[in-house]
Amino acid sequence: ADVKGRPCEDFCVLQHSNRRVAICVITLAEAHPLLQSGKTIKNINYQISANCSRLQNKVSGKSKRGAQFLTELAPLCRISSSDGEEYTIYSCIRGRLIEVNENILSNPALLQEKPSTEGYIAVVLPKFEESKSVTQGLLTQKEYEEVLLKRRNSAS
Amino acid sequence: MSSLTEKDRPIVQLLLNTGTCPRCILRFCCVGSQMLYRHPHEDLLKDLQEFLKNNQEKEDTVCLDVVDPPCKRMRLEHTEEGPDDLNHNRAIPQIPSVDDGNAAMESSAVKVCNVCLGILQGFCEADFVKKVCQKVNSADYQFTSFVFSVSLPPQLSVRERAAWLVVKQEMRSLGLPLAKDDIVQLKEAYKWIIHPQLSEELGVPADGKSLFEVSVVFAHPETEEECHFLATACPDCFKPAKNKQSVFTRMAVIKALEKIKEEDFLKHFPCPPSSPKNLCDALEIQCNNGAVFVAGRYNKYSRNLPQTPWIIDGERKLESSVEELISEHLMAEFRADSFNFSSSGREDVDVRTLGNGRPFAIELVNPRRIHFTAEEMKRLQQAINDSSDKIQVRDLQLVTRSAIGRMKEGEEEKTKTYSALIWTDKAIQREDIAFLDDIKELKLEQKTPLRVLHRRPLAVRCRVIHTMKSEYLDQHHFRLHLKTQAGTYIKEFVHGDFGRTKPNIGSLLNRTADILELDVESVDVDWPPTLDN
């Protein structure tokens with residue numbers, strides 16, 4: 001299986017390329033504040049607005065009808081930490097929302113312990129025509145590491 | 001009922017005058033003697049003319065019965081007076097003239113029949129039979145019987161109705177009203193005449209259930225539009241055409257003819273029907289053999305071979321495939337047009353299939369050759385096995401179509417056993433994995449794996465791992481043998497698929513695990529029957 005990581009400013013999109021469509025898993029990237037030591041997650045909320053809860057996303061059939069359609073800046077969830085900060089997690093790519101990870105609702109620590117596997121945020125399926133273009137605005141693993149390096153250098 | 005009676009006289013007279021051929025006339029008179037139709041049409045014409053010349057006052061039945069073969073011709077006794085014995089038949093040893101269907105046209109008396117458009121004229125006689133048999137023989141099929149299917153142009157039904165209406169009218173006016181019209185069907189008469197000839201030329205019997213089909217399509221462009229008036233008269237009988245086919249199918253036309261009232265019909269269509277200038281055309285004469293099924297079990301020894309060809313955007317991603325390696329030889333031996341490969345489940349490209357192998361079946365479409373002895377099948381199996389080390393087949397045999405159902409049963413219901421090479425991130429000792437051996441009937445909940453999510457619906461599958469047996473290799477590796485329910489995703493059970501398969505090896509061992517290699521050890525389906533090769 002082909003899994004490529006394309007980090008994009010605090011978020012990481014893992015893409016599985018198989019045949020035609022590349023399914024994507026949205027996770028936190030290593031530099032995200034929530035993954036830094038000292039942070040405890042107080043609450044994860046999938047209710048984005050009055051009408052929209054990501055938990056109510058229901059898909060049916062092979063073409064995933066009924067799925068909520070996401071754009072790059074669509075919020076997936078809001079996470080609040082015990083020190084009063086609130087973070088919004090964004091989709092980063094366009095596509096249909098397939099599922100959000102309910103395991104982190106019951107076990108928020110999972111998000112911090114295994115952010116790239118069991119602590120994933122959501123699974124998004126891009127449109128067939130867009131499967132290649134969908135990650136163009138994102139950085140590759142290498143590029144991200146360079147960004148992190150620059151950040152550290154400018155900070156110090 | 002094999003004789004023409006006095007009451008048939010006006011019918012015969014009328015139809016002869018309006019351009020109907022002798023065989024159609026016999027049909028309209030409900031003559032049921034098959035052999036009679038097989039007489040050459042020139043003879044039948046003469047016989048009918050003789051019949052008409054008979055003194056009208058005679059009440060005698062004119063018998064057109066035929067004696068047993070090998071008599072090929074029947075001469076009608078002409079009697080002027082006296083109660084002669086009309087039953088003596090004399091076989092006259094004459095060679096029937098072999099007419100080219102079109103030569104009949106040259107004779108001024110013989111026009112193209114206005115009802116059958118020539119189908120019961122030239123198209124059921126020796127020359128056409130020869131033409132059909134030539135086509136069959138050159139196509140080089142293996143067969144033990146045949147079914148001959150004929151497609152007639154729909155306007156024939158219209159013309160028959162038209163001629164019949166005229167006959168009915170005439171009989172009514174003569175004070176001899178006809179009972180329900182029970183005339184002999186054109187197709188039936190045609191088959192009476194042509195089947196024995198085809199059978200003799202081909203050397204095999206005609207059999208409605210035969211898998212070998214010879215088909216002819218007849219068309220008559222000259223009169224093609226004769227059905228069109230039915231569309232205005234009975235519009236609901238004609239559904240919009242799919243693809244590019246004509247709306248005027250035989251079925252639709254017959255339905256409309258049943259619906260339309262006599263008066264309307266008479267208004268729109270010339271009764272009696274006109275004499276056409278040309279005969280029908282026999283479009284393609286085609287042969288088709290019913291599919292044969294070859295089954296067996298295959299082993300896959302390559303970790304780089306897909307089951308079916310892997311082609312994306314017209315480009316082949318991996319060389320060859322299981323189905324191509326097996327079917328290549330079968331296609332050549334059976335000389336089929338195409339094949340359909342199916343199997344009892346599948347494995348991934350990088351997974352080997354060991355043990356007794358996986359059951360498969362190949363449908364060979366329109367095979368030229370259908371008979372193979374057990375010896376020949378064995379040799380075929382050997383040829384396949386010699387040609388590749390990536391796959392091997394066993395138990396190769398011919399099976400019936402119904403046997404495929406058993407194979408598919410196996411896919412859903414039967415267990416499979418696997419061997420997986422597993423890696424762990426944190427070190428393990430023997431004791432750490434020993435407990436796996438004791439776990440029985442482990443229930444899993446597997447969400448649709450991410451790697452197939454683009455082509456499968458999102459769902460949760462409950463599957464059972466019946467037994468496991470571990471084999472410690474080193475601190476980061478061990479081999480696991482498992483026996484599972486059909487439809488279990490093994491790779492996901494090992495690495496957990498982002499926690500979407502629960503439980504998984506990682507969660508059971510409290511480590512991160514990944515699968516390095518997977519082999520199918522057995523597919524527990526007892527079909528196809530094992531052969532002693």
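- The ring-ring contact (aromatic ring centres under 6.0 Å, His included) pairs that include a residue from residues 72-104 of chain A are A:H32-A:Y87, where partners are two or more places apart or lie in different chains.
- For B:E319, the CD atom is loosely surrounded, since the number of other residues' heavy atoms within 6.0 Å does not exceed 12.
- Here the side chains of B:L450 and A:V25 are in contact, with some heavy-atom distance below 4.5 Å.
- Rounded to the nearest 0.5 Å, atoms CZ (A:R96) and CG (B:L458) are 13.0 Å apart.
- Applying the ring-ring contact (aromatic ring centres under 6.0 Å, His included) test to pairs two or more places apart or on separate chains, those with a residue in residues 98-121 of chain A are A:Y120-B:F498.
- Within a 6.0 Å radius of CG in B:D474, other residues, nucleotides and ligands contribute more than 12 heavy atoms.
- Interface remark: B:K491 contributes no atoms to any contact with chain A (heavy atom separation under 4.5 Å).
- For B:E445, the CD atom sits in a loose shell: 12 or fewer heavy atoms of surrounding residues, nucleotides or ligands are nearer than 6.0 Å.
- Every residue two or more places apart in sequence or in another chain that forms a side-chain contact (heavy atoms from CB on, under 4.5 Å) with B:Q475 is listed here: B:A427, B:Q429, B:Y472.
- Only the side chain of A:L125 comes within less than 4.5 Å of a heavy atom of chain B; its backbone N, CA, C and O stay farther away.
- If you measure heavy-atom distances from B:K317 to chain A, you find no contacts under 4.5 Å at all.
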task: Please step through side chain to side chain contact (heavy atoms under 4.5 Å, CB included) for the pair B:T512 and A:T117, ending with a clear verdict.
output: CA-CA 10 Å; B:T512 299; A:T117 55; over 6 Å; no
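- B:K408 NZ: more than 12 foreign heavy atoms inside a 6.0 Å radius.
- Annotation: residues 55-78 of chain A contacts chain B through A:V59, A:G61, A:K62, A:K64 [non-hydrogen atoms, separation under 4.5 Å].
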